[in-house]
Undergrad: 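Got a structure for you, questions after.
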Amino acid sequence: MAVETHGTGTLPQIKGVKDVPYDELFVSGHRTCQGCESALVMRHMVKASGPRTIVLGSTGCMYVANTTYYTTPWVVPWMHTQLGASGSAALGTAAGLKVLMRKGKIKDEKINVIAFCGDGGGADMGIGAISATLTHKDYNSLILLYDNESYANTDIQLSSQTPYGAVTTFSPSGSAKRLMHTRWKKNMPGMMAAGHPESRYIAAGCAAYAVDLMNKIRKALELGGPTFVHTLDPCPKGWDYHPQYSQELGHLAVETGIWPLYEVIDGVCNLTGPTRQIAEGRKKRKPVYEYLKRQGRFAHFADEDVEHFQATVDKMWTEWLIPGVIPFTVAQKDQTLLRIEKRPLHEETKPA
Ligand SMILES: Cc1ncc(C[n+]2csc(CCOP(=O)(O)OP(=O)(O)O)c2C)c(N)n1
Ligand code: SF4
Ligand SMILES: [Mg+2]
């Protein structure tokens, strides 16, 4: 799809791994857990955006573990902001830079403003400020929500992004109640796309698909205005698995269809990576059990819990059309979307 950009063209799309910038702008000196995918998101994020970037970070693992006293992995300018304030920090910084450039106090050049937040800080506490920022089309900023599916930094409490049935310190499994948490994960990127027509770019990514993620970051910054990228980040501590499997779990989240990769550019939805292949019938969607069985947070699941999880993911693929984002007329013309609706459900949901 041809897309008009207001960028400088300095962040072209990356064609493959060999094309990825060599420079590291998020280096050693942090204290995140071994296998932390959120830290990898930070690394990919600034690799994609380059040195002319200001990063703002709300409280959470990516703040606390990345700024231990007198040490930091950030090579680019970085500032902490309050837990629910990523949206305000993004807008304020973008507006401040614009004024300073207009008054000739600093050189008029493209500076990328990226504010990150966790799922607790972004999808729960700070959603109002993010929403407000996404309506201010005159200011260029990217809000990146790194989603480890819990309030990880304060010891894995339940958030609106915690998946159905998962054990957290606020939702332990017990003899009286096997599942303490029975709400479906809030659809943050879909909601942001549906409600913010001024935002030209909203995407869902995953660090296990590094080039796809870096290209999404670049597209957001090139298109300009307020943009939003949501990443799903396997977290060995909160999800309870060996750190060596983080990338595999990222792949499984996408291959089972639990975490679809897509972008909404000027209101048009574009599926990416394996999500596109599955939708086009070129790849089979894996049973969710493949993903669930690898994590201790789902170890208490009975067959009926797995079946409910599978049935809801199936429904997401067959019935949801991201209401308000993809008009039915576009869905009619877009064969990919039609194929999603026509696809048969996967055959198996039960453990082998
Ligand atoms: C207003 C406010 N309430 C509570 C806290 C305590 N706190 C610090 S980090 C954190 C968890 C944030 O979770 P999330 O945004 O998902 O980031 P993660 O720790 O998972 O990376 C909490 C509750 C705080 N810093 N500020
Ligand atoms: S608790 Fe999870 S998100 Fe936090 S540093 Fe460890 S692996 Fe990363
Ligand atoms: Mg979190």
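Indexing begins at 1, ligand by ligand and atom by atom, following the structure's order.
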Undergrad: Using a strict 4.0 Å cut-off to heavy atoms of Tyr146, name the atoms of ligand 1 that fall inside it.
TA: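 Those atoms are 17 (O), 18 (P), 21 (O).
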
Undergrad: So, Asp108 and Arg102, do they make that salt bridge, N to O below 4.0 Å?
TA: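 Result for this pair is no, no salt bridge flagged.
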
Undergrad: List every atom of ligand 1 that sits less than 4.0 Å from any heavy atom of Gly120, numbering the atoms from 1 in the order shown and giving each element.
TA: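 The list of qualifying atoms is 14 (P), 15 (O), 16 (O).
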
Undergrad: Closest by any non-hydrogen atom to atom 25 (N) of ligand 1: pick that one out of Thr32, Thr59, Asp155, Asp147.
TA: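 Comparing heavy atoms across Thr32, Thr59, Asp155, Asp147, the nearest one to atom 25 (N) of ligand 1 lies in Thr59.
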
Undergrad: One pair to check against salt bridge (Lys or Arg N to Asp or Glu O under 4.0 Å): Lys284 and Glu255. What are the steps and the verdict?
TA: CA-CA 8 Å; Lys284 197 163 170 282; Glu255 288 167 345; over 6 Å; no

Undergrad: What are the atoms of ligand 1, with element, lying closer than 4.0 Å to any heavy atom of Gly121?
TA: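 Counting from 1, the qualifying ligand atoms are 14 (P), 15 (O).
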
Undergrad: Within this structure, what is the CZ-CG distance for the pair Arg297 and Leu292, rounded to the nearest 0.5 Å?
TA: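 These two atoms lie 8.5 Å from each other.
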
Undergrad: Using a 4.0 Å heavy-atom cut-off, which part of Cys117 comes near ligand 1: side chain, backbone, both, or neither?
TA: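 The answer is neither; Cys117 stays 4.0 Å or more away.
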
Undergrad: Side chain, backbone, both or neither: which applies to Asp119 and ligand 1 if a contact is any heavy-atom pair less than 4.0 Å apart?
TA: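 Asp119 to ligand 1: contacts from backbone and side chain alike.
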
Undergrad: Give the intermediate values and the outcome of ring pair (Phe, Tyr, Trp, His ring centres under 6.0 Å) for residues Trp184 and Phe309.
TA: CA-CA 9 Å; Trp184 196 251; Phe309 207 109; 5.0 Å; yes

Undergrad: Could you measure the distance from the CD atom of Gln161 to the NZ atom of Lys186? Nearest 0.5 Å is fine.
TA: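 Going from CD on Gln161 over to NZ on Lys186, the span is 7.0 Å.
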
Undergrad: Salt-bridge test for Glu263 and Lys216: reply yes if a basic N is under 4.0 Å from a carboxylate O, no otherwise.
TA: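 Between Lys216 and Glu263 there is no salt bridge, as every charged N stays at least 4.0 Å from the carboxylate O atoms.
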
Undergrad: Which donor-acceptor pairs under 3.5 Å do side chains of residues 79-90 form with protein atoms, sequence neighbours excluded?
TA:
unit_1, atom_1, unit_2, atom_2, d
His80, NE2, Thr59, OG1, 2.9
Gln82, OE1, Gly84, N, 2.9

Undergrad: Just do the salt bridge (Lys or Arg N to Asp or Glu O under 4.0 Å) check on Arg178 and Asp305 with the steps written out, would you?
TA: CA-CA 10 Å; Arg178 187 175 66 254; Asp305 305 326; 2.8 Å; yes

Undergrad: Could you tell me which atoms of ligand 1, counted from 1 in the order shown, lie closer than 4.0 angstrom to a heavy atom of Asn148?
TA: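 Those qualifying, in numeric order: 18 (P), 20 (O), 21 (O).
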
Undergrad: As an exercise, identify every atom of ligand 1 less than 4.0 angstrom from a heavy atom of Asn153.
TA: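 Result: 9 (S), 18 (P), 19 (O).
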
Undergrad: Would you check if Met42 and Tyr146 make a side-chain contact, meaning some heavy-atom pair closer than 4.5 Å?
TA: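 Yes - at least one pair of side-chain heavy atoms lies under 4.5 Å apart.
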
Undergrad: So, 4.0 Å and heavy atoms of Ser159: is ligand 1 close enough to count as a contact?
TA: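 So Ser159 does not count as touching ligand 1.
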
Undergrad: Below 4.0 angstrom from a heavy atom of Gly60, which ligand 1 atoms are there? Numbered from 1 as shown, please.
TA: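 Checking each atom against Gly60, I get 9 (S), 17 (O), 18 (P), 19 (O), 21 (O).
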
Undergrad: Mind checking whether Tyr164 and His308 have ring centres under 6.0 Å apart?
TA: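 Ring centroids of Tyr164 and His308 are less than 6.0 Å from each other.
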
Undergrad: Counting only heavy atoms, tell me which of Gln157, Lys237, Gln82 gets closest to atom 1 (C) of ligand 1.
TA: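 Comparing heavy atoms across Gln157, Lys237, Gln82, the nearest one to atom 1 (C) of ligand 1 lies in Gln82.
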
Undergrad: Give the total of protein N/O/S atoms at a distance below 2.8 Å from atom 8 (Fe) of ligand 2.
TA: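 There are 1 of them.
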
Undergrad: I'd like to check whether Met62 has a polar contact with ligand 1, where a contact means an N/O of the residue lying under 3.5 Å from an N/O of the ligand.
TA: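 In fact, backbone or side chain, Met62 has no N or O that close.
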
Undergrad: Tell me if the centroids of the rings in Trp78 and Phe26 come within less than 6.0 Å of each other.
TA: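 Distance test on ring centres: not under 6.0 Å, no.
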
Undergrad: Using the salt bridge (Lys or Arg N to Asp or Glu O under 4.0 Å) rule, take Asp314 and Arg285 through it: C-alpha gap first, then chi angles, then the decisive distance, then the call.
TA: CA-CA 10 Å; Asp314 289 345; Arg285 183 154 50 93; 2.9 Å; yes

Undergrad: May I ask you to identify the nearest protein heavy atom to atom 3 (N) of ligand 1, giving residue, atom name and distance to one decimal place in Å?
TA: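 Nearest protein contact, heavy atoms only, for atom 3 (N) of ligand 1 is Leu83 CD2, 3.8 Å.
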
Undergrad: Suppose I only count heavy atoms of Cys61 and a 4.0 Å limit; which atoms of ligand 1 are within that range?
TA: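 Reading through ligand 1 atom by atom, the close ones are 18 (P), 19 (O), 21 (O).
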
Undergrad: Tell me the protein heavy atom at minimum distance from atom 7 (N) of ligand 1, and give that distance in Å.
TA: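 Nearest protein contact, heavy atoms only, for atom 7 (N) of ligand 1 is Thr154 CG2, 3.6 Å.
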
Undergrad: Return yes when atom CD of Gln13 has more than 12 non-hydrogen atoms of other residues, nucleotides or ligands closer than 6.0 Å, and no otherwise.
TA: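 It does: Gln13 CD has more than 12 such atoms within range.
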
